[in-house]
Each structure stands twice: as structure tokens, then as C-alpha cells.
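Note that these values count all heavy atoms, side chains included, but never hydrogens, waters or copies made by symmetry. Residue numbers begin at 1 in each chain, while the letters A, B, ... track the order of the sequences.
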Amino acid sequence: MRLSLDFYQKDAITLARDLLGKYLVRNIDGEEVIAKMVETEAYVGPEDKACHAYQNKRTKRTEAMFKRGGYTYVYLIYGMYNCFNVVADPKEKPEAVLIRAVEPIKGLEIVKQNRSIKSKRKQDLTNGPGKLCQALDIDKSLNDYDLTNGNNLYIKDSKRRNKGNYDIISDRRINIDYAEEYRDKPWRFYIKGNNFVSKR
DNA sequence: CCTGCGATCGTCT
DNA sequence: GACGATCGCAGGA
């Protein structure tokens, strides 16, 4: 079942944990790709020096983070890759969860097409924030997109019985050395033992 | 296995 | 004008 509005109205750290194991669903020209989210990072609003909305910095780019939970925040990084975030919290609280890695569940052929790589290791298809955006064809056209309404992109519960009963590891976030005392906050979360996690 | 490096461009100063 | 919530490749151990 698609996650409802209230699921997202919580702080980014809680949401980052709760999103693990949930299914990200992407419709590309009628073809469905489904991927399980296995690694996330919380970006915790005005206080967090690693967050784009640090000190409530409000620009065209960060505007989506100020939406209520359940919207997307997608931005271009290093001129060539996209990063996909799920906005948390009620309106005006700029917190979001970066999806760092997913595990393909359905539509593997499409994923392989979207990712033309030499590596034959399956995990290299989606074990990174830029990689999974390529794999699921997520770019800025899906920024500021309502995950609770649209059909192009949404999140659903896995039907499995393991309702979030994963062993969850928390660790430092990746590549935010500039964030001073927030650099080492344990706000990255991943499913223990999962092969698609980008870094352990 | 690991480290270093270049690619590439929208966004903000 | 500078830079980045990254990636893939090359080269060495």
C-alpha cells in the first residue's frame, strides 16, 4: 500500500529509519521499476551545517525542503548526477532524507539499460545516490513532486511480514567534511548485511 | 583491495 | 568565479 501523508510528518531522523525496507516505485512510460530502500541519511534542518537549508537558507533550490513531508527534493550535484530526497516534517520545517542506496526488486532490465556500466556486480547498479537516480531515471523534473499523489513516483510498504524489523546500523554521513561539529553525527542509516549499501 | 583524479554545470556569492 | 550530500577509471599493492 502506498504510504499516506501522515507517514511523512515526522522528523528526518525518524523518517530515515522508517523508510528503510520500504519500496520506491517509479513508472517510466508505463513500465514499473521497484526498488527497496536500504540506506538513507537525515538532513536535519536549520541547525544542521550539512543541510542545504542550514539557518533556514531559502533559495530556489532549497524551496522544496520547506514543503510538508511527502514531497521530493531532487538536485543536481557535481554537474552530472542527481540526488533524491524525501522531505520530512510539516510545512516550513526544512528537513529531508537522502536516499543513498536501493536494491532492485522489479524492472531489473530497465535498470540495466539506464545504467550502462562495465561492472557485472549487481550492487554497482544502485549502491549510491547518483547511481540510483540514473537507474530509476530520476532527475530535476521530479523535484518538488508529491509522493502521496502522483503515479510517476511514490513509496509503498513492502507486503512482507518484516514490517521494519531489520537490524539497522547508524553511522556517520558521507562526504560532508565541511559540516564541522555536524560532520560526525550518526545520521546515516542502513540495513545490516545488505549488499547494496554504498559504504560500511 | 585501496587511493587519486578528472568530468561537468546549475546554483549561489 | 567557485564549488559540490558523486562516479568510474587507472594504477599500485
Side-chain angles (χ1 to χ4, degrees), chain A residues 11-17 19-20 24 35 37-67 69 71-89 93-104 111-145 147 153 169-191 195-200:
Chain A
D11 66 274
I13 292 175
T14 307
L15 183 62
R17 303 181 75 103
L19 282 174
L20 291 176
L24 182 61
M37 293 180 277
V38 301
E39 181 183 0
T40 59
E41 276 180 1
Y43 288 85
V44 188
E47 70 189 63
D48 181 3
K49 289 183 179 175
C51 181
H52 290 161
Y54 174 56
Q55 291 181 326
N56 279 313
K57 186 164 124 179
R58 205 161 182 148
T59 67
K60 205 163 196 174
R61 182 176 68 151
T62 65
E63 195 58 37
M65 291 187 86
F66 289 83
K67 293 282 187 76
Y71 275 89
T72 63
Y73 171 46
V74 180
Y75 66 93
L76 187 72
I77 186 70
Y78 297 110
M80 37 189 358
Y81 299 104
N82 290 286
C83 286
F84 168 65
N85 293 251
V86 177
V87 175
D89 268 338
K93 289 194 73 182
E95 302 198 8
V97 176
L98 171 69
I99 310 303
R100 281 197 59 87
V102 299
E103 174 179 347
V111 165
K112 284 180 178 170
Q113 274 178 30
N114 290 340
R115 297 262 308 136
S116 43
I117 54 171
K118 291 180 183 172
S119 168
K120 288 185 177 169
R121 300 170 0 141
K122 191 181 171 193
Q123 57 265 38
D124 288 337
L125 290 168
T126 53
N127 61 352
K131 298 179 190 180
L132 71 92
C133 282
Q134 264 185 10
L136 301 197
D137 193 28
I138 294 173
D139 62 18
K140 260 195 67 182
S141 65
L142 285 168
N143 182 41
D144 202 8
Y145 185 86
L147 293 167
L153 185 65
I169 307 288
S170 69
D171 203 351
R172 300 156 51 171
R173 293 174 291 179
I174 308 290
N175 281 343
I176 51 157
D177 286 348
Y178 56 86
E180 300 178 7
E181 73 270 29
Y182 283 86
R183 188 188 55 179
D184 297 325
K185 298 284 185 188
W187 291 343
R188 181 167 69 100
F189 304 94
Y190 60 87
I191 295 176
N195 279 331
F196 288 81
V197 172
S198 69
K199 193 176 178 223
R200 316 180 209 207

Can you tell me how far [atom2] of [N] sits from [atom1] of [X], to the nearest Å?
X         : N       : atom1 : atom2 : answer
Lys57(A)  : dA5(C)  : NZ    : P     : 10 Å
Tyr75(A)  : dT6(C)  : OH    : P     : 6 Å
Glu41(A)  : dA5(C)  : CD    : C1'   : 6 Å
Leu125(A) : dT6(C)  : CG    : P     : 19 Å
Asp124(A) : dC7(C)  : CG    : C1'   : 11 Å
His52(A)  : dT13(B) : NE2   : P     : 12 Å
Asp171(A) : dA5(C)  : CG    : P     : 18 Å
Met80(A)  : dC3(C)  : CE    : P     : 18 Å

Inset, instruction - Have a look at Glu39(A) and tell me which of Arg200(A), Lys199(A), Arg100(A) forms a side-chain hydrogen bond (donor to acceptor under 3.5 Å, both in side chains) with it. - result: Arg100(A)

Point-to-point distance, once rounded to the nearest 0.5 Å, from [atom1] of [X] to [atom2] of [Y]:
X         : Y        : atom1 : atom2 : answer
Asn85(A)  : Ile99(A) : CG    : CD1   : 7.5 Å
Glu63(A)  : Tyr73(A) : CD    : OH    : 11.0 Å
Ile176(A) : Cys51(A) : CD1   : SG    : 10.5 Å

Inset, instruction - Can you tell me the pairing partner of dT8(B) across any strand shown, Watson-Crick or G-U wobble, with both distances under 3.5 angstrom? - result: none

Inset, instruction - Counting Watson-Crick and G-U wobble pairs only, both distances under 3.5 Å, name the nucleotide matched with dA5(C), or none. - result: none

Legend entry - Pair Lys49(A) + Glu180(A): basic N to acidic O under 4.0 Å: yes

Hey, does [X] reach any base, or is it just sugar-phosphate, or nothing, if we go heavy atoms under 4.0 Å?
X         : result
Gly130(A) : sugar-phosphate
Leu98(A)  : base
Arg100(A) : sugar-phosphate

Check this one for me: any side-chain N or O of [X] less than 4.0 Å away from OP1 or OP2 of [N]?
X         : N       : value
Arg188(A) : dA5(C)  : no
Lys140(A) : dT11(B) : yes
Tyr178(A) : dA5(C)  : yes
Lys131(A) : dG8(C)  : yes
Asn175(A) : dT6(C)  : yes
Arg115(A) : dG8(C)  : yes

Nearest to the side chain of [X], heavy atoms from C-beta on, is which of [options]?
X         : options                 : answer
Tyr81(A)  : dC12(B), dC7(C), dC9(C) : dC7(C)
Arg121(A) : dC1(B), dA5(C), dA7(B)  : dC1(B)
Ile117(A) : dT11(B), dG8(C), dT6(C) : dG8(C)

Legend entry - N/O donor-acceptor pair, side chain Tyr78(A) with base dA7(B), under 3.5 angstrom: no

Inset, instruction - Write down the atom of Gln123(A), the atom of Phe196(A), and the distance for their closest heavy-atom approach. - result: CA-CE2, 3.3 Å

